Amino acid sequence: MNTSPRQIILADADSFFASCERVFHPQLAHTPLVVLSNNDGCVVARSAEVKKMGIPEGIAWFKIREQAQRDGIVARSSNYELYASLSSRMMNVMSTFFPHQTVYSIDECFFDVQADTVTLVETSTRMREAVWQGLDLPISIGIAPTHTLAKVVSHWSKHYRGVRGIMTWDEAVSTDSHFLAHVPVGDVWGVGRRLAPKLMAMGILTAQDLRDSDAVLLRKKFGVHIQQTIFELRGISCIRIDDEDNALHGRRTTQIMCSRMFSHPIYSASELRQAVSVYTQKALHRLTAQESLCSYVSVFCSTSRFKEQELASHIHGTVALNEPTNDPLALTQAACRCIDGQFTVGAAYVRAGVILHGLIDEADYQPLDVFSAHTDTALSDVLETARQRFGDFRIGVGYGGIRGQGRMDQDTGAHWSMKREHLSARATTRWSEMATVHA
DNA sequence: TCTGGGGTCCTAGGACCC
DNA sequence: TCTGGGGTCCTAGGACCC
């Protein structure tokens, strides 16, 4: 019988998006590098060099563009196809070292194991080397009795100790028994931007303060999540991450959202409907992929939240479908109905989004003939056949099948379509964009 | 000129029913 | 005329995560 304590291992990649960009551009290895959000709007990932320069995450790109030029910072548009592909390879490599892997996000996973710390550190070291040698991706590892503590030590070793590598809870407390007193409460996993100032106003400034606070009182005040976090800080495991099945087999989500900022503002109702119709079909694409049907469609469109303007407008509407469906026409029409009559003439719309919710499994749905008799599936059958034959985003309703000059499949060529001026190659998923080696 | 995108869960409160 | 109490379901909004 294994009497070793249960331990949680957190493995996450360092500056994942930036590291991915370096995989196929090794000359950038020591160059300060940022990855930009969609539309090249703001900074979503920074290499270590950029972090050292004090450039915060989330800052608008236009605000630091000049500084970037001056300081030799290289920018890349985000290339999710590349990152997703490298992520899945990385997860596969790691899954061979420990059992019970849960992929938590694109760049991190947990393992739930029972073994002594020495063994875990030894295996983690080999895992780290394997990911580095096989994929050129640097990862950090935290080992602790709970998910929250594993996050704390991993975060701590990266951000404060400046050491990338492996850190265990045992090591942390043997070095300093008041270790948690050095961790600001806002850095604790589960304490976000809103909660942190409220806790601090109550005199709870550090992870240690939070651990020692009145869990029942805080639960009454802020809900059950904070109570779980307190227990986890005490070493009592109570947060369950998705089970393995979900992670391995691609789980079904309960809602699907597709939203974008436009590269240029939209002033006309017809263009707004075009955008909504394109986003609906992108969302539909994911709906079909997970074999679900959708019962409600919601749409929102808004003007900029950063600008003082006379004509601010926030459109929001929801339409219930007659029956759960994945029919492109029905969904596109419903989405356009959501915004009917709400368009403000003269307003500069900069963003729109479509949410499909009330999702059910296609296999579970037994339509009642009386209600579904009037649904004509001829057109959607044609669309689906064409999609299977020619691939995604080659045909669609309205603008949904048009391709512009951009390299990405989703580019519609419309003037509001996404801007990506610093896009790298999708070297692992497209033959035409494979890396060239000069020898 | 230019400020991302996609999820989850919990809770309070209203509607409705008996 | 007087008008209780308890349960369920749904939704909107708020918090969190990456």
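This one's a predicted model, so the numbers in the text were calculated from it and none came from an experiment.
- No hydrogens or angles considered: nothing links the side chains of Gln208(A) and Thr206(A) as a donor-acceptor pair under 3.5 Å.
- For dC17(C), neither phosphate oxygen OP1 nor OP2 lies less than 4.0 angstrom from any side-chain nitrogen or oxygen of Lys151(A).
- Residue contacts shown for Trp61(A) are absent, as no nucleic acid heavy atom lies under 4.0 Å away.
- Using a 4.0 Å heavy-atom criterion, one finds that Lys220(A) contacts no nucleic acid atom at all.
- The residue Glu108(A) sits close only to the backbone: its heavy atoms come under 4.0 Å of sugar-phosphate atoms, none of a base.
- Regarding Leu195(A), its CG atom lies at a distance of 5 Å from the P atom of dC16(C), rounded to whole Å.
- In the set dT11(C), dG4(B), dC18(C), the nucleotide with an atom closest to the side chain of Tyr296(A) is dT11(C).
- Checked against dT3(B), dC18(C), dT1(B), the side chain of Trp189(A) finds its nearest nucleotide in dC18(C).
- Note on Arg260(A): a side-chain N or O is less than 4.0 Å away from OP1 or OP2 of dG6(B).
- Contact annotation: Arg193(A) side-chain N/O to dC17(C) OP1/OP2 distance is not under 4.0 Å.
- For Asp107(A) and dC17(C), the CG to C1' distance is 12 Å, given to the nearest whole Å.
- Environment of CZ in Arg194(A): sparse, with no more than 12 heavy atoms of neighbouring residues, nucleotides or ligands closer than 6.0 Å.
- Taking the six-membered ring where the residue is Trp, Phe98(A) and Phe111(A) present tilted rings, their angle falling between 30° and 60°.
- Atom pair Arg194(A):CZ and dC17(C):P shows a separation of 12 Å (rounding to whole Å applied).
- The aromatic rings of Trp189(A) and His147(A) sit tilted, their planes meeting at an angle between 30° and 60°.
- In the model, Tyr279(A) has no side-chain atom that pairs as donor or acceptor with a side-chain atom of Ser259(A) under 3.5 Å.
- Atom pair His147(A):NE2 and dC17(C):P shows a separation of 15 Å (rounding to whole Å applied).
- At the heavy-atom level, Asn39(A) lies nowhere under 4.0 Å from the strands shown.
- Applying the 4.0 Å criterion to OP1 and OP2 of dA15(C), one finds that Lys221(A) has every side-chain N and O outside that range.
- Computed from coordinates, the Arg286(A) CZ to dG5(B) C1' distance equals 9 Å when rounded to whole Å.
- Look at CG on Asn79(A): it is 19 Å from P on dG4(B), rounded to the nearest Å.
- Heavy atoms of Ile256(A) sit under 4.0 angstrom from primed sugar atoms or phosphate atoms, though from no base atom.
- Regarding contacts with the backbone of dT3(B), every side-chain N or O of Lys307(A) stays at 4.0 angstrom or more from both OP1 and OP2.
- Of the two residues near DNA chain B, Phe17(A) and Thr254(A), the one whose nearest nucleotide lies more 5' is Phe17(A).
- Residue-level contact check: Val191(A) touches the backbone only, with heavy atoms under 4.0 Å from sugar-phosphate atoms and none from bases.
- Rounded to a whole Å, the CD1 atom of Ile226(A) is 11 Å from the C1' atom of dA15(C).
- For the pair His225(A) NE2 and dA12(B) C1', the interatomic distance rounds to 15 Å; values are reported in whole Å.
- Remark: the separation of the C1' atoms in dG4(C) and dC16(B) is 16 Å, to the nearest Å.
- Taking the six-membered ring for Trp and thresholds of 30 and 60 degrees, Trp156(A) and His182(A) have ring planes inclined between 30 and 60 degrees apart.
- Here dC9(B) sits opposite dG14(C) as a Watson-Crick or G-U wobble pair (both hydrogen-bonding atom distances under 3.5 Å).
- Taking every side-chain heavy atom of Ser259(A) into account, dG6(B) is the closest of dC17(C), dA15(C), dG6(B).
- With DNA chain B read from its 5' end, the first of the two nearest nucleotides for Gly223(A) and Met257(A) is the one closest to Met257(A).
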